[in-house]
Q: 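My questions all concern the structure below.
Here is how names work: the chains are called A, B, and so on, in the same order as the sequence lines, proteins then strands, and each is numbered from 1.
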Amino acid sequence: MRRTRTLIATLATAMLTLPAGASALVIPAVQDDALPNVEGAALEARLDALAATGTRVTRVDVLWSQVARRRPAKPRDPDDPAYDWSRYDAILTGLRNRGLGTIVDFYHTPSWASRSGQPSSAPRTADGSRFAAALARRYSGGHRDRSGALLPRIRRIEVWNEPNVAGFYQPQCSRRGRTVVIESPRRYAALLAASYREIKRASPGTEVVGGVLGPAGQTPKACATTGFSVGAIEFAARLARERPPLDAWSMHLYPIGSPEQAFFVPSWNTLSRVLRHVDKLQRGVPVYVTETGYHTSYNRFHRYFVSEEQQAAWLDETYRVASRRPRVRLAMWFNLQDNPFWTGGLIRADGTHKRSYERFRLQAADSPLPEGWGP
Amino acid sequence: MRGALALSLALVAAFPTLASGARTISFPEWFAIRADFAGRTLVWSEAATVRLDPSKGGRDLPAGLRPFVYYRIHTSTAPLDRARRGFVGGPEQHVTLRTQIARMTSGRVAGDGDGRFVIVPGARRFAAPVVFCCTADVETVVVSDGREDAPRPLSATLDGGIVRALLRDRAGGITLVSADPTQRVPELHSAPFPGSATDGLAGLAEGTVAWVDPDTPGTLSFGVPSDGGVVGRRSVRLPGRARRLWVDRGVAVAAVARSRRIALVRVDLTTPRPTIVWQGSRLPHVAIGEGAVVAAEGSSVFAARAGRLRRITRARGQIAAVAASGRRIAWFERVRRKGERRTVVRIARIS
């Protein structure tokens, strides 16, 4: 009898917390990573194409090296003459004009801030976090450009992109004798903590998103300068020990297998293993999957590919699976359009639509935008 | 990529540098394999079906997960000593492809004299990519098309540093495409192809293209591939219907059906006069390279640089693949050691 009562109570709780529709809680979104590479009419055309998918939210990669080709004298001041925001002013204004909310990430270290000269070099904490301050201040919703026009507001900033992957953040590791020392979580924790302070000071209402982890499972036992990634669970565990503050957690999922079936780390079925450590930073913090998808032909950055039919079916399944995880608020399909190095788009390189395009449109149409996500 | 790197590091650890050139190397499992020499390396592709079982994935996984499979191709190389008499290192993995569309076979691997190679996985249900390896350890994807009606690659090769491939569209039309694989994004040059062919009956090699038109299955056509198309086209009659075709520079070998048996017919394209060099009951594994032809049926390996193939060895296990390059041949032998499946790679000299 007691067991029956418990079961009824559990079912009632589940009915209250589970979404009524497949995508009632999770926001379907799509990113177009080509936006920072185009200007003028080409940018407007891409923004129109992005809006035509029905997405209400998107993500923009702010390439620090493009904005700050030389060292600014006042790095926290977005109006420092060393900064050139023109590209991002145009993108973010274009998105606002089309009613799209935006989450931005920043990475790509300029040469003056890079220890190795490479854009993947982890920056000095002070340099990186002061750029975060300038970014947050410029797009706080109260800042005007030189012509006096009010610039858009960004509500969420991701600190870096895939700091557990050598291609974006180095060094990941070092050797002391025969011992491999994992470096990146500690360095990233310092960057995240300092960026959090700076962003909150510049724009208190902006949400600071940490993690942004790339899809790495096991950490290799040998320290290689290229191709080394710290596994998502290990990175989260090590980051948790450093206790940086954050408002939300994000990570990237590219499962091998369908969203329902895949069980490698990281995947939808193993998300809780990572979040167990994230909860030590801040219990119950919301989760944004800011990249996910399936590739429809082989490319060297993603060696697992599926058919266009599978991609379309698994796009639907992605949002169905995501909606069953109440902490997941956003699942961003990456990318809008194929290019020679990334074939996970909704649109082929020649501009024709894959089957997944219409599936995404239906998902987006079915999902009202929650409070706090608009432009 | 990361998984491949980790595995290659593990393999390197398992095969420390072999100073004097070992005659054999081995690796776990039995795979469908295609192999070729590429300068002072042996290169091969392994096709496998990988079964993932969630019961081995940890206790905290949601209930109801079922096992599933994906299909994988690994390409590996093993370095040879200066004289190509033996191996001076263990296998190192390079290009890895994974898909859940449908099964892949080991397809075609073609090496050049500088240690570079091009691979085309075999795939019936989708258009496989054409991948070049490598420029400064970075591969180049030359052709990769996910459309359901995308042209299917029949063959590919390296021809003076240029990747050439034959692509067959759904209507049966064939295009010869060429690209410089050292470009970051290779630009494909397409040229018309003077005929028709199906999978297994068209081959490209340096300076040579040969094919058997399905409408004339007893005729071998050949010529020289170029950016503009096929030049110097000629034909020769074969002593039977062609079942498979292998092509190297200036040489083609066709497997033809002859009164319920299979005959291997060698055609030196400069002459060109067909010569039956081997006969057997089944389609053998065949490789040709720098004038040498090697074939394997069951556990027997046959080879010759000219004329009839002679038995080189009777191996302990079944032969999974062969490779040839002038006086050097290699074969991949399936054995069991302490109950475990292993593949042993042996290298030998032929006169």
Q: Among A:H302, A:R348, A:R273, which has the most heavy-atom pairs under 4.5 Å with chain B?
A: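 The residue among A:H302, A:R348, A:R273 with the greatest pair count is A:R273.
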Q: How long is the straight-line distance from CZ of A:R303 back to NE2 of B:H74, given to the nearest 0.5 Å?
A: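 Separation between the atoms: 10.5 Å.
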Q: With the side chain counted from C-beta on, respond yes when A:Y298 and B:I73 share a heavy-atom pair under 4.5 Å apart, and no when they do not.
A: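 Sidechains of B:I73 and A:Y298: no contact.
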Q: Please report the interatomic distance CD(B:E148) to CZ(A:R355), rounded to the nearest 0.5 Å.
A: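 Atom-to-atom, B:E148:CD and A:R355:CZ are 4.5 Å apart.
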Q: Tell me whether A:R325 at atom CZ has more than 12 heavy atoms from other residues, nucleotides or ligands lying less than 6.0 Å away.
A: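 Atom CZ in A:R325 is crowded, with more than 12 foreign heavy atoms closer than 6.0 Å.
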Q: Less than 4.5 Å apart, side chain to side chain, heavy atoms only: is that true for B:V141 and A:F341?
A: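 No. Closest side-chain heavy atoms not under 4.5 Å.
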Q: Which atoms form the tightest heavy-atom contact between B:Q100 and A:I256, and what is the distance?
A: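 Of all heavy-atom pairs spanning B:Q100 and A:I256, the closest is OE1-C, 4.4 Å.
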Q: Given that the side chain runs from C-beta out, which part of A:W314 has a heavy atom under 4.5 Å from chain B: side chain, backbone, both or neither?
A: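 Side chain only.
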Q: Can you tell me if A:E317 has over 12 outside heavy atoms packed within less than 6.0 Å of its CD?
A: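 Check passes, neighbour count above 12.
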Q: Which region of B:V69, side chain (C-beta onward) or backbone (N, CA, C, O), has a non-hydrogen atom less than 4.5 Å from a non-hydrogen atom of chain A, or is it both or neither?
A: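 For B:V69, neither part sits under 4.5 Å from chain A.
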Q: Side chain, backbone, both or neither: which part of A:Y294 has a non-hydrogen atom closer than 4.5 Å to chain B?
A: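 It is neither, since no heavy atom gets under 4.5 Å.
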Q: Please classify the contact of A:E260 with chain B as side chain, backbone, both or neither, using a heavy-atom distance under 4.5 Å.
A: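 For A:E260, the contact with chain B is made by the backbone alone.
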Q: Ignoring hydrogens, what is the shortest heavy-atom contact between A:S307 and B:I101? Give both atom names and the distance.
A: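 Nearest heavy atoms, A:S307 then B:I101: N-CG1, 3.2 Å.
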Q: Locate the shortest heavy-atom distance separating B:G146 from A:S297; write the atom from each residue and the value.
A: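 Residues B:G146 and A:S297, closest heavy atoms: N-CB, 3.6 Å.
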Q: Between B:R147 and chain A, which part of the residue has a heavy atom less than 4.5 Å away: side chain, backbone, both or neither?
A: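 Looking at B:R147, backbone and side chain both touch chain A.
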Q: Should we say atom CD of A:E309 is surrounded by more than 12 heavy atoms from elsewhere, each under 6.0 Å from it?
A: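 For A:E309, atom CD is not crowded (no more than 12 foreign heavy atoms under 6.0 Å).
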Q: Looking at A:V306, A:T352, A:T343, which has the largest count of heavy-atom pairs under 4.5 Å with chain B?
A: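 So the answer, after comparing A:V306, A:T352, A:T343, is A:V306.
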Q: Using heavy-atom distances under 4.5 Å, tell me whether A:Q310 contacts chain B through its side chain, its backbone, both, or neither.
A: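 Side chain only.
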Q: What is the distance from atom CD of A:Q261 to atom CG of B:L61, rounded to the nearest 0.5 Å?
A: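 Here the rounded value is 10.5 Å.
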Q: Which answer fits B:P129, side chain, backbone, both or neither, if we ask what part of it has an atom under 4.5 Å from a heavy atom of chain A?
A: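 Side chain only.
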Q: Examine whether an atom of A:N299 lies under 4.5 Å from a heavy atom of chain B, and if so say whether it belongs to the side chain, the backbone or both; otherwise answer neither.
A: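 Just the backbone, heavy atoms under 4.5 Å.
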Q: Heavy-atom distance under 4.5 Å between the side chains of A:N269 and B:P62, does that happen here?
A: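 A:N269 vs B:P62: side chains touch.
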